[in-house]
There are 2 protein chains.
Amino acid sequence: MSRPRQTRKVTLRDVADRAGVSISTASLVFSGRGPVADATAERVRGAASDLGYAGPDPLASSLRQGRSGTVAVIVEDRLLHAFRDPFALAVLDGLAQELDAMGTSMLLLADHADSPDNPLAAHAVDAAIFPLCGRSDSPIVDHLTARHIPMVGAGAPVHDEVVHVVIDERGASATATRHLVELGHTRLAHVTMPLGAPRPTHTLDVDDLEAATYPDSRERALGFLDLAPHGSPVVEAEHPDVAEGEAAARLLLDVDPEHRPTGIVAQSDLLAAGVVRAARALGLAVPADVSVTGFDGVDLPWLDTRLTTIEQPGEAKGRLLGDLTRRALAGESPASTPFEVRLRVGDSTGRAPGSSGA
Amino acid sequence: MSRPRQTRKVTLRDVADRAGVSISTASLVFSGRGPVADATAERVRGAASDLGYAGPDPLASSLRQGRSGTVAVIVEDRLLHAFRDPFALAVLDGLAQELDAMGTSMLLLADHADSPDNPLAAHAVDAAIFPLCGRSDSPIVDHLTARHIPMVGAGAPVHDEVVHVVIDERGASATATRHLVELGHTRLAHVTMPLGAPRPTHTLDVDDLEAATYPDSRERALGFLDLAPHGSPVVEAEHPDVAEGEAAARLLLDVDPEHRPTGIVAQSDLLAAGVVRAARALGLAVPADVSVTGFDGVDLPWLDTRLTTIEQPGEAKGRLLGDLTRRALAGESPASTPFEVRLRVGDSTGRAPGSSGA
DNA sequence: AGAGACTATCGAATCGATTCGACTCGATCG
DNA sequence: CGATCGAGTCGAATCGATTCGATAGTCTCT
């Protein structure tokens, strides 16, 4: 009988009774919030340990105090997809560090587009964080607004009540594109992350961008189009991973060499890595035949090329999300905050084949 | 003034008052647990929407019902490290699926060895899961035991109250080793995951295995030693990732060819991938010069070799963890459950150089 | 028409704490 | 010596729901 099933749950009242003090005094011992004589405190602690009392029930405590010490971290779709990207992990890691320092824990919630019921209805959280760019709107937001729960996001969902870490996605993407233009590339192409519900990797009709539900993907695509020659092909990847990056690149590169792009702007490093791999598989050298740019600046130890990319320090971004959350919980009303990214030139880009220059 | 700060929080009592019913009736409307006349229900819902009531407060509801609908998912160290391994992600994904189906959410908790205070003291959870192999013991376990909170683990922590998914780590590792022996390899080596607190990648004194705090790493090492020639070198990687796999392999392979191992058993696919890369960097062909085995059977799209490995379906393992949790929460006392793994032969192993045979 | 069953509703107890105001008792002060 | 103060303790209100048992009314069956 290792489990004493019969014993009713031990509560603060039991401890107080055994120690011969009132419940309120016992409570003060555990919270350390009031003056208690050393002898009394010792008696209460002794009673607690005699009874196997493991401290105040978090639920009751939270109810009374009106805070749960928990924030919701909302990711779309399955966790597997969300965390496959090292950039997402870096953001989450930075966020976790910051939350940890404030004694707050993360309730990981998947916001499936299809599910009718709201997972947040059943869980008490002090704030909600949307750490990864996702859909531009979500029914969850209305629920949280009604509950007056502060929300922090990284670009999405777009809503007045959500405080954002703001990145100039369009400008950054344009910067990457400009880098290729300045290297003499004239035949450019773009590989986007999903713009909405996953569709098999395909060449995009640029007019479809209007309908995009993922604002960051759309902005990056617009940044490319701002500088790329009119009619430059854009491929939308089904998932933002290496395999779909390869698939996208095959669509772009496996064509008549006359029309083959010499510079490809990819919306993430994983996609860019896929493009590099596909190019090599087709017998093309990077960057001699094809230049490739990524986005995020993640560390891919298995890729032999150092990508030219938009460096976006994920951990710092996560910490910033955490800091905004902290301030929101403290009662401040933090404003959306810009977050700087910059071009880092690596070995995956070079002068356009046949172009002159340094 | 988009935020009506003054308004006191809307509670069920306010809704009931406005609808002209008792609190209990209003409660029944939201929980759907009792008979309520359609007209009454409609009135209550109307009042709720008038007042901007977003449903019963989860904290109060949980307190009364004695369940929080949350389970703790405990990982060691920083999330970044825990989830870098695709295998860990697969387990987590399977677990998330199962928990999702039961309407339970995951509270992600990092159990840092150094931190004095217990993150679980402040959070209400119905169960705790240790989905990844970690330290064999943790102070958290005692706390959870005192609270009568069921625990489910994947090999660690080792404790009577923790229900486990049990894998024959030692046997599986021996199987991988036997595969190499049967291919004629006589100079074997082993690369382990960390056995305790991270130490720079180094050649291990086999006697140190006794002190290992990570039971799965130790068992796998023992499985290797069961079949490998006496004195075969064992290297402990600082982290279970590609970079340290490479570092470990350099220690083993960058030696006089006479003594160079021709078969390396790695404790994870990431480590094995690093070994393959390091071998190639040293001008050695895989498997012609060196055979390599991994563990887990994860998909590494960027690795051109299909690893010979111990296939361990992570998603299924995660689902099994979820199922054990479900049963524990239902009041059953599920027993620890074995989980089968098996050797999958790929392209990273072949006959020992110079050995005859098919 | 009266017994029995069922529906709809309500009041009160309860979950397990935190916290406010009041009270007691010595010690300090003028 | 009486007023004041602070430390230590306690009782009661409160957080916001769920749920049990009671009650009144309606319908069915014989």
Side-chain angles (χ1 to χ4, degrees), chain A residues 7-45 47-48 51-69 121-126 146-149, chain B residues 7-45 47-48 51-69 121-126 146-149:
Chain A
T7 60
R8 199 175 36 74
K9 194 174 176 189
V10 180
T11 73
L12 192 54
R13 136 160 264 114
D14 303 318
V15 174
D17 285 353
R18 177 174 245 261
V21 301
S22 71
I23 299 184
S24 33
T25 300
S27 174
L28 293 180
V29 172
F30 289 103
S31 68
R33 237 179 284 266
V36 176
D38 286 351
T40 312
E42 212 38 67
R43 228 162 356 110
V44 170
R45 270 190 284 269
L51 296 172
Y53 180 73
D57 181 328
L59 273 178
S61 170
S62 296
L63 172 60
R64 184 61 237 255
Q65 298 186 120
R67 325 167 303 92
S68 69
H123 296 285
V125 297
D126 298 337
R147 276 237 157 84
H148 300 296
I149 294 177
Chain B
T7 60
R8 199 175 37 73
K9 194 173 175 191
V10 180
T11 73
L12 193 53
R13 135 161 265 115
D14 303 317
V15 175
D17 285 353
R18 178 174 243 261
V21 301
S22 71
I23 300 184
S24 33
T25 300
S27 174
L28 292 180
V29 171
F30 289 103
S31 68
R33 237 180 284 266
V36 176
D38 286 351
T40 311
E42 212 38 66
R43 227 162 356 110
V44 171
R45 270 190 285 269
L51 296 171
Y53 180 74
D57 181 327
L59 273 178
S61 169
S62 295
L63 172 60
R64 184 60 239 253
Q65 298 184 120
R67 328 167 300 92
S68 69
H123 295 287
V125 297
D126 297 337
R147 278 238 157 84
H148 299 298
I149 294 177

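Residue numbers start from 1 in every chain, and the chains themselves are labelled A, B, ... in the order their sequence lines are given, proteins ahead of strands.
Residues forming a side-chain contact (heavy atoms from CB on, under 4.5 Å) with A/Ile23 (at least two apart in sequence, or on another chain): A/Leu12, A/Arg13, A/Ala16. Remark: B/Ala122 engages no residue in a side-chain contact (heavy atoms from CB on, under 4.5 Å) (not counting sequence neighbours). Not a single side-chain hydrogen bond (donor to acceptor under 3.5 Å, both in side chains) links B/Ser31 to another residue, sequence neighbours left out. Take A/Ser61 and apply the side-chain hydrogen bond (donor to acceptor under 3.5 Å, both in side chains) test, not counting sequence neighbours, and it matches A/Gln65. Under the rule for a salt bridge (charged side-chain N to carboxylate O under 4.0 Å, His left out), B/Arg64 has no partner lying at least two apart in sequence or in another chain. With sequence neighbours excluded, the residues satisfying side-chain hydrogen bond (donor to acceptor under 3.5 Å, both in side chains) with B/Arg147 are B/His143. Scanning for side-chain hydrogen bond (donor to acceptor under 3.5 Å, both in side chains) contacts around B/Glu42 gives an empty result, with sequence neighbours left out. Qualifying side-chain contact (heavy atoms from CB on, under 4.5 Å) partners for B/Asp126, counting only residues two or more places apart in sequence or in other chains: B/Arg67, B/Ser68, B/Leu329.
Each end of the helix from C/dA1-D/dT30 to C/dG30-D/dC1 gets its own rotation axis from five pairs of C1' atoms, and the angle between them is 40° to the nearest 10 degrees.
Atom C1' of nucleotide C/dA8 and atom CZ of B/Arg43 are separated by 12 Å, given to the nearest angstrom.
Two residues, B/Ala41 and B/Gln65, neighbour DNA chain C, and the one matched to the more 5' nucleotide by heavy-atom proximity is B/Ala41.
Annotation: salt bridge (Lys or Arg N to Asp or Glu O under 4.0 Å) contacts involving residues 51-63 of chain B, sequence neighbours excluded, comprise B/Lys9-B/Asp57.
Along DNA chain D, the stretch of nucleotides lying under 4.0 Å from any heavy atom of chain B spans, 5' to 3', D/dG16 to D/dT19.
For the residue pair B/Val15 and B/Val44, the shortest heavy atom distance occurs at CG1-O, 3.7 Å.
Sorted by residue number, the members of residues 23-37 of chain B with any non-hydrogen atom under 4.0 Å from DNA chain D read B/Ile23, B/Ser24, B/Ser27, B/Arg33.
Among the heavy atoms of the strands, none lies under 4.0 Å from B/Ser62.
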